[in-house]
Each structure stands twice: as structure tokens, then as C-alpha cells.
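In what follows, a single structure is set out as C-alpha cells and then discussed.
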Amino acid sequence: MAPKPSSSPRLRKRADTAMTRPSVASRASRPRSTWPYALALLFAWILVIGAVVCFRWFSQLPDTRDLLSRAPSADITLMDARGRLIARRGLIFGRIVDSRRLPSYVPNAFIAIEDKRFRAHIGLDPIGLVRAAAENFIAGRVVQGGSTLTQQLAKNLFLESRRSMDRKFQEALLALYLESRFSKDQILTLYLNRVYFGAGVYGIEAAAERFFGKSATALSLPEAAMLAGSVKAPTRFNPLADADASLARSVIVLRAMEDAGFISHATRLAAAAIRPRVQRASSTPDSGYFVDWVVAQIPVYVGEANEPLIVETTFDVDAQREAERAVETGLALEGAKMHVGEAALVAMTPEGAVRAMVGGRSYAQSPFNRAADASRQPGSAFKPFVYLAAFEHGRRPDDLMNDRPLDIHGWRPGNYEGSYEGAITLTRAFAKSSNAVAAQLTEETGAAAVSAVAHRLGIVSPLAAVPALALGASSVTPLELTGAYATFANGGVGVAPYGIIRIRTKSGRLLYLRKPSRIGRVMSPENAAAVTGLMVAAVTSGTGKAARLDDRSDAGKTGTTENFRDAWFVGFTADLVCGVWIGNDNNARMRHATGGALPARIFRSFVEVAEQGRPGRPLISLPATLAQTTEKVAAPEQPDAFQRLLDSLFNGT
């Protein structure tokens, strides 16, 4: 029987409340709130993911085991024939130097200017960051960085130079990583041996050698301050780029060292008053052509060197300077109107010692060495080999030949001006550069014989044994052609152009010493004298008159190729052999540029100054009577008298 509802309001209210309140059983069965569990689970997953990320990141960290064992790069110092520094090549990294072996002021200079709290922080310096931010805010621009030495090392070792928040984060993590792996002294050692100092060198040892010519352990305080100051902007503050700016920066470093307590006030003043002596090369802007040529040969003589090398060369800085001046001036005056883009000059002794080498109008713009590596047709500058072959087959300078139009198996060689003189001596034919006579001589003796003569005298390029060889149809380099002319200058002894005299290690161990050439005689003294006589005629009464020197005897030959694509003058005195070429790299035509014009004038401009102060000597290969007489009868205004003298001498009368 169901209970009756209470009539009392209070009882009814309590009953209603009891009916609406859940029972204990129902409260137990209701799910509890899940947010604490979700939060805990999320935290656990963050820990797992973080651990995975950290593990992955740490597994990708670079290996640091070999950072202190890097071998130094090649270091080659080249000296000229007078012991002057030409250049240093290959000096990029020096040997590793322990920071503890350096004078204390050397590492302290870097700490003072780059990271005063280096010894105290853990790789990151919050105090330094705050200080840098304040300085930058006051200045309104970035005037101070907050990176520590360890961060800079991390960037230099492992990161790209781009600026981004991601890179800065990586830099910070790597700095902490390095601090956990190395001691402060090891980090400092790594930094000093890896930082870039400008002028292409990295590391304190290479910088000390490059800028001051000494080991890092021998640096003075002013020198250390100069090096420490350069790392802020190496291309601007290195001592070779701007000595004054580098010196001013070193004063700031010295003041920072005093502020940090590394040096006293008196020491700072004394050091600031000293201007370090920066080691500068004596070379010229375009000496790189010669340097490249020599450096490429070093492995042939000494193999792979494991220590710094001193290479003593045949180079003459003064001669090189005059060679560059002559080429630059000549091109500036006449290059544009003749449509001449490039030029090359090589000068050597009659024994083949190269004194100067200009491989183009600007090494900085084009390091391609046209003097040693460009193969160009020599034109009539090849004719001395034609005439030598003819002399070896019985011809003499006074022999008569018919200078006339020819047809040799369909080949019709014509003279430059289109005119012919009829019966003329070989001396006259050579002086006026008769193509017709040269072609007849080649046909008479055989192109193969002419090619053999040229190869015997030092031409190493392939030569086609065809009739057109008479006019220089096969290409040669200025270096080999000039070397071949040197055999005439020295009286007939074979020449192999060379630039290296001695190679030794910096410690003094001799690795290579050039020995006298074993080539020996490649032509008779009589034939050497005969061809030299022809070349004397070429500069006194022939196409090379622009190369005639006023104060000494010289000889030479012009060369101009078809359509004016190449123009040459190669000549010599008793002391110097010089070859000059002008043309365009793309083989474009020049505007009426002949060997007797600009090349001959460059030759004269160079040789006159290069031999200034030297006594004039007779040409070595001339007979004594001719050598004594040429100064009196070989003046340009007396070509007929000189011609008669040559004719009488070589005719035996």
C-alpha cells in the first residue's frame, strides 16, 4: 500500500529534496573529471617528443674529435732573383698553435675586445647580451654584438654565415655543446686557429706569417692587438688592406685590454706608440702570371710538400714593373684605335732565365696567362726557322732569289703590301719580310725540315709540315717562341725557359737546385751569326725599325697574321730576349695592327728602361768584325751601307 503524501509543507519540501538528490550509489557510478589526467598525459608526451627531438639533434651534432688535429695548408714563398718577396701562395691555414704556448697578451687581446667574460660564462653570456642590447638601443643601431667567443667559434666551425633566428638558436646550442666537450683553453685554441683574419688566411699562425713574417709565438703586443682588431671586419681591418685603419683599430684593442686589467696604463701607451712593420710583397699587380706559372711546376720538382717552401726564382721585380708599364702604356695609347684587346710580353736572358712575364693587360680581370698558355699563329715571326733551315741546306745571306708572285700547288702567298722587288738577297728578303721568298725557301728545303729546325730550337707545339708553315700557319705560345729566339741570342745553344733556381724548406733543407742545361748546341755558331745578321737588318732597315734601340745593338723579327688577328715582335740584345704579342682573345680582327707597329714599340719601351744603366754590349752571335762595326754603320739613316757590309761579310770578301 503506497504511503500517503504528507500534508505538511516542510515534510513535502524535504521529501522533494530527497527525491532530487542523487543517492550514494548513483554518485559513485558517475565519471570523475578527466582534465588532470589529460594534462599529465600531455606533459608525458611533451617529454617523449622532446627527448626524441633532443636525441635526434644531439645525434646530428658534428664530430669534434678531430678539430684540434688539422694539418696546415701549403705555404709557398716566392723570391725574385735579388731576394725580394714576390708572393706567398697556398698559405690559408697555419699549423695548430696551442693558446697556452702563446704570450699571454695574445689570447688576452682577443678576449678583451671580443668577449671580456669568456673565462666566466658557460658559452652564452646573458650579461653581455643585455649590455650589447643597451648599447645598441642608445646608439640607435647595431654597434656591439652579444656573441661570445664560443658562439663565434660554433658559427665558424659548423654554420653558414646567414643571419636568422634559427641560426642564432643553433649557434647558442652549439656553444653550449662545445663548452661541455672542451676546456676554456681548448676553446680558445680552436678559436684562434680557425678565425678569419683577411687576405685569405685563417688562424693565428697563418696570420702572423702572412702579415708579419713570423710565428704566432713571436708576436709582439702591438702586433697581437692589430690581429685581434682585424677579426671584427677582416677585409677592412687586416694590415694589408688598410694599415692605418688596422693601426687605429689596434689602439681600441689596447684600451680594452687595459680596461680588462690585462695590461697597465704605461704598457698600453708604450704599445700604442709602436707601428708594427707589416710584411708586404715587392711584386707588381700583374706578377701573378709568373707566380701561377712557377707554382704549377713545383710539384714536378719536389712532389707534395709537407712543410713551408721557399722558392728562389729568376724573376726580376724591376723588370716586371717596366714590362707592365710598357704594355699598359702601349695599349692605352694605341689599343683602342687598333681594336686591340689583349697583349702579352715575356722577357728572359739568352740562357732562358725568365725575368718578366705579362700574361694580359690585367691579372685581376683575367688570370689566363697568354704569355705561357695562349697558342697563336706567329706569322712572319716564324721565318728565322725557315732561313736557318735554308742556311743548313747550303744557302747564304747574300744569295739572290726572285721576289715575285707565286703559285705553289694552288697556294698563292702574297707579300703584305702586294709589291715585289724581283731579284733580292736573302738578307733584304728577310728585312722586308718577303712572303714569296720565305715560301720558296720552304718549298726548296722542305716543310718537314723547317718543322724539325723549329722543334730543335725549342718549339714544342705541333707544327704542320705544309707550305704555309713558312708564314707561321701553326700556332705557338709567346713563351716558347721567345725561348727559341734565345738560341740565336746566345750563339746557338739550346734553351729551355725556366723560372725556378732553388727550392728549399723554411728550415733550410734543399729540395731542388737547378743544374745547367744539357740541351747543348742546336745550330752552328756560323748559322747563328747568319740569322742574327738578318734580324739586325730587320730592325735597322726593315719592318722592325720601330724596335731599334739608340744605345745598343738589337735584333728581331716582326710577325703579322692574316686579317690582322695577331701581331708580334720578338727580339733581343746581348743581355735580354723579349717577345711581344697583341691580339684579341676571341680572335677578332684588329685594325691594321702589324708587328712592326705597336709590338715593336712595346719592345723598345720595355728594353730601353729595363737595360738602363747597363753597358751596351755587342750581340753574342755576331762575328767580331760585324759586332764592332754595327754601332757605326747600322744607324737607320744608313741602311744601304749596312746592307753592303752584311753582303761583303757573308760573301767572304
Side-chain angles (χ1 to χ4, degrees), residues 76-92 198-201 210-211 213 234-236 238-246 278-297 311-336 340-348 353-374 477-479 482 499-500 576 578-585 598-599 601-603 605-610 612:
I76 302 172
T77 301
L78 294 101
M79 313 297 292
D80 85 343
R82 303 184 189 182
R84 294 170 293 188
L85 176 65
I86 305 172
R88 293 189 74 166
R89 285 291 176 89
L91 182 59
I92 300 174
V201 295
R210 180 68 181 88
F211 300 133
T235 56
R236 175 185 174 191
N238 83 74
L240 292 178
D242 190 333
D244 292 334
S246 181
V278 178
Q279 178 179 259
R280 294 182 178 276
S282 303
S283 60
T284 58
D286 294 333
S287 61
Y289 293 115
F290 176 83
V291 172
D292 290 347
W293 179 63
V294 165
V295 168
Q297 301 172 45
V311 181
E312 299 172 30
T313 74
T314 61
F315 196 66
D316 186 324
V317 170
D318 295 332
Q320 177 70 18
R321 184 174 295 108
E322 295 307 326
E324 292 177 20
R325 175 199 55 79
V327 170
E328 181 181 354
T329 302
L331 290 177
L333 291 176
E334 303 182 62
V340 179
E342 284 292 350
L345 182 154
V346 59
M348 64 183 69
V354 175
R355 299 298 192 211
M357 180 179 285
V358 180
R361 66 191 309 164
S362 172
Y363 179 80
Q365 295 180 10
S366 174
F368 175 65
N369 192 340
R370 296 158 188 83
D373 300 324
T477 68
L479 179 63
T482 305
I500 299 176
L576 205 59
C578 176
V580 179
W581 165 87
I582 63 171
N584 294 297
D585 287 340
L598 180 55
R601 285 190 279 273
I602 291 176
F603 169 90
S605 175
F606 164 66
V607 175
E608 277 187 335
V609 180
Q612 198 169 33

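Counting heavy atoms from C-beta on, the side chains of V346 and W581 never come closer than 4.5 Å. Between M79 and L85, the closest side-chain pair of non-hydrogen atoms falls below 4.5 Å. Annotation: side chain of N584 is not in contact with side chain of E342 (no heavy-atom distance under 4.5 Å). R370 has its side chain out of reach of P478: every pair of non-hydrogen atoms, C-beta onward, lies at least 4.5 Å apart. Residues M348 and L576 have side chains not in contact (no heavy-atom distance under 4.5 Å, counting atoms from C-beta outward). At least one side-chain heavy atom of L240 sits less than 4.5 Å from a side-chain heavy atom of V278.
Separation of atoms CG (L331) and CD1 (I582) is listed at 7.5 Å; rounding is to 0.5 Å. Here the OH-CG distance, from Y363 to N369, works out to 9.0 Å after rounding to the nearest 0.5 Å. Atoms CD1 and SG, on I602 and C578 in that order, are 9.0 Å from each other to the nearest 0.5 Å.
Applying the salt bridge (Lys or Arg N to Asp or Glu O under 4.0 Å) definition to pairs two or more places apart or across chains, those involving residues 326-335 are E334-R601. For residues 280-294, every residue pair satisfying the salt bridge (Lys or Arg N to Asp or Glu O under 4.0 Å) rule, not counting sequence neighbours, is listed here: R89-D292.
With hydrogens and angles disregarded, no donor-acceptor distance shorter than 3.5 Å links the side chain of T314 to the backbone of A353. A donor-acceptor pair under 3.5 Å links the side-chain atoms of Y289 to the main chain of S362, judged by distance alone. Checked by atom type and distance alone, the side chain of S246 never pairs as donor or acceptor with a backbone atom of D242 at under 3.5 Å. A donor-acceptor pair under 3.5 Å links the side-chain atoms of R325 to the main chain of S605, judged by distance alone. Side-chain N or O atoms of R88 include none that pairs as donor or acceptor with a backbone N or O of T77 at under 3.5 Å.
Heavy atoms only, all atoms of each residue included: A199 and F211 are closest at CB-CE2, 3.7 Å. In this structure, A343 and V327 approach most closely via the heavy-atom pair CB-CG1, 3.9 Å.
R84 meets the salt bridge (charged side-chain N to carboxylate O under 4.0 Å, His left out) test with D80, D316, D318; sequence neighbours excluded.
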Steps toward side-chain contact (heavy atoms from CB on, under 4.5 Å) verdict (E312, L78): CA-CA 6 Å; E312 299 172 30; L78 294 101; over 6 Å; no
What verdict does the side-chain contact (heavy atoms from CB on, under 4.5 Å) test give for V294 and V354, after you've listed the backbone C-alpha separation in whole Å, the side-chain angles of each residue and the deciding distance to 0.1 Å? CA-CA 10 Å; V294 165; V354 175; over 6 Å; no
Please determine whether side-chain contact (heavy atoms from CB on, under 4.5 Å) holds for the pair V358 and Q320, giving the CA-CA distance in whole Å, both sets of side-chain angles, and the decisive distance to 0.1 Å. CA-CA 8 Å; V358 180; Q320 177 70 18; 3.9 Å; yes
Could you please spell out the steps behind the side-chain contact (heavy atoms from CB on, under 4.5 Å) verdict for M357 and L345? CA-CA 6 Å; M357 180 179 285; L345 182 154; over 6 Å; no
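For the residue pair T284/R321, the side-chain donor-acceptor check at 3.5 Å is not satisfied.
Classification of the F315-F290 ring pair by plane angle, with boundaries at 30° and 60°, yields parallel.
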